[in-house]
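Computed from a predicted model, the values in this text were never measured in an experiment. Note that ligands are numbered from 1 as they come in the structure, with each ligand's atoms numbered from 1 the same way.
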Amino acid sequence: MQHHTFDACIVGAGGAGLFAALEASQSASVAVISKLYPTRSHTGTAQGGIGAALGNMEEDHWEWHMFDTVKGSDYLGDQDAIEVMCRDAIDVVYHLEHLGLPFSRTPDGRIAQRPFGGHTRNYGEAPVRRACYAADRTGHMILQTLYQQCIKNRVTFFDEFQVLDLLVEDGRTAGVVALELRTGELHVFHSKAVLFATGGFGRMYRVTSNAHALTGDGAALVLRRGLPLEDMEFFQFHPTGIRKMGILITEGARGEGGILRNKDGERFMERYAPTLLDLAPRDMISRAIYTEIREGRGINGEDYVLLDLTHLDPKVIEERLPDITDFVRTYLGLDPIKDPIPVQPTAHYAMGGIPTDVDGRVVVDEQNTVLPGLYAAGEIACVSVHGANRLGTNSLLDILVFGRRAGADIARFVKEAELPPLPKEPDGNVRAEVERLLGQQGKEHAATLRRELQDAMMDKASVFRTEEGLTEMREKLGELRERYRHVHVGDRGHQFNTDLLETMELGFMLDLAEATVESALARKESRGAHYREDYPKRDDANFLKHTLFHRKEEGGFELRYKPVTITRFQPKERVY
Ligand SMILES: Cc1cc2nc3c(=O)[nH]c(=O)nc-3n(C[C@H](O)[C@H](O)[C@H](O)COP(=O)(O)OP(=O)(O)OC[C@H]3O[C@@H](n4cnc5c(N)ncnc54)[C@H](O)[C@@H]3O)c2cc1C
């Protein structure tokens with residue numbers, strides 16, 4: 001076992017982790033621990049853009065951005081946090097520009113902006129151009145820029161190290177335990193502060209835009225330490241994944257003028273969202289697509305519709321959407337300039353996660369009590385700025401605004417805090433679990449269990465939900481958990497044992513699927529991405545509140561609730 005000491009450990013090297021590391025490293029010693037090589041993090045696949053009311057193309061204000069985000073969240077987002085995000089947005093984008101991010105430009109040299117779903121001018125009148133972008137490689141540019149800056153600032157990187165436990169001693173955060181992929185060796189990282197920035201967990205669904213590594217490790221580790229997860233019932237399906245593959249076609253394609261059509265060639269969004277049409281929020285468009293399919297208007301009677309870009313100027317397609325054009329040519333053998341693209345909703349984004357305040361500090365109960373030294377930021381955190389449904393471009397914004405704020409708070413915290421003692425045998429838990437998995441002779445295989453989990457979640461806990469389906473899913477999870485206890489890890493070696501790590505990741509996903517399903521069963525209303533066919537209306541009287549899912553020590557779980565912070569905008573019916 002190897003031992004390291006730093007002021008702060010950042011777990012995850014996506015946009016959130018890197019911006020936090022960069023900020024904290026101004027005055028603290030910082031380690032970034034990442035199971036992937038940093039620039040392979042999912043942030044690098046983000047295509048469309050980052051939202052900020054710069055007003056470069058037309059009039060825009062952060063208050064409008066705030067209103068759109070609150071309305072998009074179906075009024076479940078905390079408005080104090082949303083205000084912070086939309087105000088900070090402008091500064092964060094210029095900060096990135098000054099760090100060297102090569103944004104696409106207007107002819108007069110300013111940062112170019114394009115429309116995105118749910119972003120409007122003057123409180124809902126019409127779409128506004130708010131998304132700042134670097135062609136359709138915005139996330140790639142963010143990651144490269146921040147990684148370079150971290151290297152320049154002497155952040156220490158531990159690449160291909162997978163964190164498998166969080167250490168808490170005397171009610172304080174004491175570090176993490178990680179397994180080095182290359183050697184199989186365990187490393188204890190002793191620190192005053194830990195930030196989880198481990199990204200989403202779309203891999204619990206069959207059709208997803210998410211990378212293979214998005215298995216929710218950080219959230220599961222926190223849950224296993226007795227801390228709650230917030231609003232786990234809200235999982236976003238993006239309307240335009242490439243059919244069957246789930247690979248994302250950015251909303252930027254509709255921002256540039258793309259149109260969704262059913263088998264009759266009809267622009268069906270005219271019936272669902274007469275003002276914003278194809279730029280309505282994602283929850284609404286995903287439901288509209290499923291409704292078209294259910295009513296027999298899918299293409300050839302099958303489970304997909306078409307995204308039509310053929311009326312656009314080929315130059316716009318080639319210059320502003322080069323990557324997705326390439327994907328469609330490579331994966332489908334179609335040319336978006338001439339052929340409409342077959343699409344269906346794809347599991348995309350976790351609105352729920354580890355509850356935090358606006359400085360990234362993890363809060364452990366309904367009173368928002370802070371656990372000293374523990375932080376979370378990025379997709380794995382729930383601040384909550386997205387509430388029941390996130391708007392496009394608001395995730396890159398969220399990870400950067402709150403990653404940077406968390407980094408700044410960590411720098412403040414570690415200056416004053418002492419290094420807490422380590423627990424006795426800090427790596428004991430992980431060692432025992434690794435030995436158990438490598439030692440046992442079960443009949444079950446992780447790949448089979450994972451596929452069954454993904455299929456069942458897709459059928460029973462996705463865009464449309466019912467009491468019956470969710471209850472079946474609860475039972476299925478019970479069965480899968482039992483079978484997981486008898487799982488067999490074929491590779492018994494130590495070096496690059498991805499079989500072992502994937503098995504552990506399956507364990508994380510089973511935990512998070514349980515949190516999702518139980519939170520969804522209890523929410524007997526429809527709000528944002530959580531649509532209950534048996535309770536099709538939003539019910540503010542009973543459910544205008546955040547869910548907190550806890551695991552009980554003696555087994556089982558408990559759901560608690562905390563109020564939504566409402567400052568400027570009272571809940572209204574959502575019409576687009
Ligand atoms: C295809 C696609 C396109 C998108 N496009 C946009 C867009 O245009 N605009 C927008 O706003 N949002 C977009 N999103 C959403 C947005 O990109 C993500 O929500 C965001 O990038 C997540 O960033 P993150 O820093 O939280 O995590 P990630 O970038 O996912 O990084 C997670 C990090 O955690 C590390 N990690 C995970 N588990 C462990 C562990 N156990 N031990 C050590 N390290 C670990 C990984 O190595 C990785 O470095 C898109 C998402 C996808 C999937």
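Within the 4.0 Å heavy-atom shell around ligand 1 one finds Leu214. Within the structure, the closest approach of His348 to ligand 1 falls below 4.0 Å when heavy atoms are considered. The closest approach between any non-hydrogen atom of Ala197 and ligand 1 is below 4.0 Å. In this structure, Tyr133 falls outside the shell of residues with a heavy atom less than 4.0 angstrom from ligand 1. Heavy-atom distances between Gly139 and ligand 1 stay at or above 4.0 Å for every pair. At least one heavy atom of Asn210 sits closer than 4.0 Å to an atom of ligand 1. Contact between Arg390 and ligand 1 is present, with at least one heavy atom of the residue lying under 4.0 Å from the ligand. Remark: distances from the non-hydrogen atoms of Thr138 to ligand 1 are all 4.0 Å or more. Residue Ala213 places every heavy atom at 4.0 Å or more from ligand 1. Heavy-atom separations between Gly392 and ligand 1 are all 4.0 Å or longer.
At least one N or O atom of Gly15 sits closer than 3.5 Å to an N or O atom of ligand 1.
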Begin with the C-alpha distance, continue with both residues' side-chain angles, and end with the deciding distance and a verdict on ring pair (Phe, Tyr, Trp, His ring centres under 6.0 Å) for Phe237 and Tyr349.
CA-CA 7 Å; Phe237 279 71; Tyr349 183 85; over 10 Å; no

Under the criterion ring pair (Phe, Tyr, Trp, His ring centres under 6.0 Å), I'd like the reasoning laid out for Phe402 against Phe19: C-alpha separation, chi angles, the key distance, then a yes or no.
CA-CA 9 Å; Phe402 295 105; Phe19 218 170; over 10 Å; no

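When only non-hydrogen protein atoms are considered, atom 25 (O) of ligand 1 lies nearest to Ala16 N, 3.0 Å. Among protein heavy atoms, atom 53 (C) of ligand 1 sits closest to His42 NE2, 1.7 Å. What sits closest to atom 3 (C) of ligand 1 on the protein, heavy atoms only, is Leu248 CD2, 3.4 Å. Closest to atom 47 (O) of ligand 1 among all protein heavy atoms lies Ser34 OG, 2.8 Å. Nearest protein neighbour of atom 35 (C) of ligand 1, counting heavy atoms only, is Gly12 CA, 3.5 Å. Counting only heavy atoms of the protein, atom 1 (C) of ligand 1 lies nearest to Thr45 OG1, 3.4 Å. Scanning the protein heavy atoms around atom 12 (N) of ligand 1, the nearest turns out to be Ser395 CB, 3.5 Å. Closest protein heavy atom to atom 29 (O) of ligand 1: Thr43 OG1, 2.5 Å.
Side-chain contact, His95 with Arg404: a donor N or O sits under 3.5 Å from an acceptor N or O. For the 3.5 Å distance criterion, the side chains of His546 and Asp231 qualify, holding a donor opposite an acceptor. No side-chain donor-acceptor contact under 3.5 Å links His238 and Ser286. Side-chain polar atoms of Thr69 and Asn394 form a donor-acceptor pair below 3.5 angstrom. Side-chain contact check for Gln236 and Asp283: no donor-acceptor pair (N or O, by modelled atom type) lies under 3.5 Å. The closest side-chain donor-acceptor pair between Gln162 and Glu505 falls under 3.5 angstrom. Between His4 and His187, the side chains place a donor N or O and an acceptor N or O closer than 3.5 Å (distance only, hydrogens not considered).
Taking the ring centroids of Phe201 and Phe508, they lie at or beyond the 6.0 Å cut-off. Aromatic rings from Trp64 and His61 are positioned such that their centres are separated by under 6.0 Å.
Residue Thr393 approaches ligand 1 through these ligand atoms, each under 4.0 Å from one of its heavy atoms: 9 (N), 10 (C), 11 (O). Contact atoms of ligand 1 toward Ile33: 43 (C), 44 (N) (distance under 4.0 Å to a heavy atom of the residue). Ligand-side atoms of ligand 1 in range of Ala13: 33 (C), 48 (C), 49 (O), range being under 4.0 angstrom from any heavy atom. Each of the atoms 29 (O), 31 (O), 48 (C), 49 (O) of ligand 1 lies under 4.0 Å from some heavy atom of Ser41. Heavy-atom proximity to Asn394, at under 4.0 Å, picks out these atoms of ligand 1: 11 (O). For ligand 1 and Leu36, the ligand atoms under 4.0 Å from any heavy atom of the residue are 47 (O).
Sparse packing is recorded around CD of Gln495, with 12 or fewer heavy atoms of other residues, nucleotides or ligands lying under 6.0 Å away.
Closest heavy-atom approach to atom 9 (N) of ligand 1 within the set Gly48, Ala46, Gly49: this belongs to Gly49. The residue among Asp217, Asp398, Leu396 with a heavy atom at the shortest distance from atom 38 (N) of ligand 1 is Asp217.
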